[in-house]
Protein chains: 2
Amino acid sequence: MNNYTRILREHNLKATPQRLAMANVLHVDGHISIESLYAVMIEKFTSISLATIYKNINLMVENSFIQEVKIPHAKSVYELTKDTHSHIVCEKCGKVNDVSLDLSTIIDNATKQSNFKIDKTDLVLSGVCKGCQ
Amino acid sequence: MNNYTRILREHNLKATPQRLAMANVLHVDGHISIESLYAVMIEKFTSISLATIYKNINLMVENSFIQEVKIPHAKSVYELTKDTHSHIVCEKCGKVNDVSLDLSTIIDNATKQSNFKIDKTDLVLSGVCKGCQ
DNA sequence: CACTAAAGGACAATAATTATCCTTTTAGTT
DNA sequence: AACTAAAAGGATAATTATTGTCCTTTAGTG
Ligand SMILES: [Mn+2]
Ligand SMILES: [Mn+2]
Ligand SMILES: [Zn+2]
Ligand SMILES: [Zn+2]
């Protein structure tokens, strides 16, 4: 039993071929939009329904197996949940990369300033990647 | 000629009553979703079309007169463009507040790590506000 | 292998956003 | 103030994105 099968089962989700393939695409591509995911999936499952993609994406998000990343002026992408990290997106080519940044000082300041109890950060940096400069 | 009239004209946008009212709502409410904005606007302009709201929102965004703020697990809100700042949203009541945070160190680190030329940050902190704790 | 709940697929329904087309208004210009 | 051209508004159709329904198939369990 592979890794994704186990994780899906832990959330009482059946490990269907479609779901395992989705997990694999997410693993390989890293950050992918719904429409790109569908385009890749339909290669392997010629009759997969877009509804299946949506239903599974939503289930996986609810179970924190994957996460949505909202990108300025672009469609959301999805990724397998991993340790907290930030994102950097290229305004030219749209590439989305991970960046590991320590936001603890920022969170401390924001806590003082707002009196919120903060438990999550979503940081997306925008700019131009090496290749596009 | 009031302030918003002038700003709209600078962008070659006609200062219609609808647009001035929208700007005013954004000024008063701070961060507002399309549907809330429409709900407020229709009080003043009983026959305003939702298409007018969308068309104006899009025009104003294109002209950087306003900005979209994407919120995790919720609909986007819009605000008048002002100095760069971050946002903090309450997961209980949905309230969105501004926070002024110095991200320069973060940007430096991210630049080193990614080799991107960074020109914009979108940071949304999530948590629980004072009133909801 | 048999059984049952869950999931997939086709497609209808809904929600969100944009486009079209005609009328009205704005921002000048006489 | 009346005149005009371009822009914007409103009604509504069209498109796009997402969700729901319903029936068939499959995964997981014994
Ligand atoms: Mn990531
Ligand atoms: Mn703000
Ligand atoms: Zn690039
Ligand atoms: Zn709250």
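Each chain gets a letter, A, B and so on, in the order the sequences are listed, and its residues count up from 1.
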Item to complete: Following the transitive rule for hydrophobic clusters with a side-chain heavy-atom cut-off under 4.5 Å over Ile, Leu, Val, Met, Phe, Trp and Tyr, establish whether Val96(B) and Leu123(A) coincide in one cluster.
Response: no
Worksheet item: Does any N or O in the side chain of Ser33(A) come within less than 3.5 Å of the main-chain N or O of Val77(A), such that one atom is a donor and the other an acceptor?
Response: no
Of the nucleotides [options], which has the atom closest to the [X] side chain?
| X | options | result |
| --- | --- | --- |
| Ala15(A) | dT19(D), dG28(D), dA8(D) | dG28(D) |
| Ser47(A) | dG10(D), dG9(C), dG8(C) | dG9(C) |
| Ala51(B) | dG10(D), dT12(D), dG8(C) | dT12(D) |
| Asn58(B) | dA17(D), dG28(D), dT18(C) | dT18(C) |
| Tyr54(B) | dA16(C), dA7(C), dG10(D) | dA16(C) |

Worksheet item: Do the side-chain N and O atoms of His85(B) and Glu79(B) include a donor-acceptor pair separated by under 3.5 angstrom?
Response: yes
Fill in: Side-chain donor-acceptor contact under 3.5 Å, His31(B) with Asp98(B)
yes
Rounded to whole Å, how long is the line connecting atom [atom1] of [X] with atom [atom2] of [N]?
| X | N | atom1 | atom2 | answer |
| --- | --- | --- | --- | --- |
| Arg9(B) | dT26(C) | CZ | P | 10 Å |
| Phe45(A) | dA10(C) | CZ | P | 14 Å |
| Gln18(B) | dG9(D) | CD | P | 5 Å |
| Ile53(A) | dG8(C) | CD1 | P | 9 Å |
| Leu50(B) | dA19(C) | CG | C1' | 14 Å |
| Tyr78(A) | dA17(D) | OH | P | 13 Å |
| Ile42(A) | dA10(C) | CD1 | P | 9 Å |
| His11(A) | dA6(C) | NE2 | C1' | 17 Å |

Practice prompt. For Ile34(A), report the nucleic acid contact type (base, sugar-phosphate, nothing); a contact means any heavy atom under 4.0 Å.
Written response: nothing
Does the side chain of [X] get closer than 4.0 angstrom to OP1 or OP2 of [N] through an N or O atom?
| X | N | answer |
| --- | --- | --- |
| Asn56(B) | dA8(D) | no |
| Ser49(B) | dT12(D) | no |
| Thr16(B) | dA7(D) | no |
| Asn12(B) | dA27(C) | no |

Practice prompt. Work out which heavy atom in His11(A) is nearest to a heavy atom in Ile7(A); give both atom names and the distance.
Written response: CD2-O, 3.2 Å
Worksheet, complete the sentence: Contacts of Leu13(A) and Lys14(B) projected onto DNA chain D by closest heavy atom; the upstream (5') one is Lys14(B)
Fill in: Any N/O donor-acceptor pair, Lys55(B) side-chain to dG10(D) base, under 3.5 Å
yes
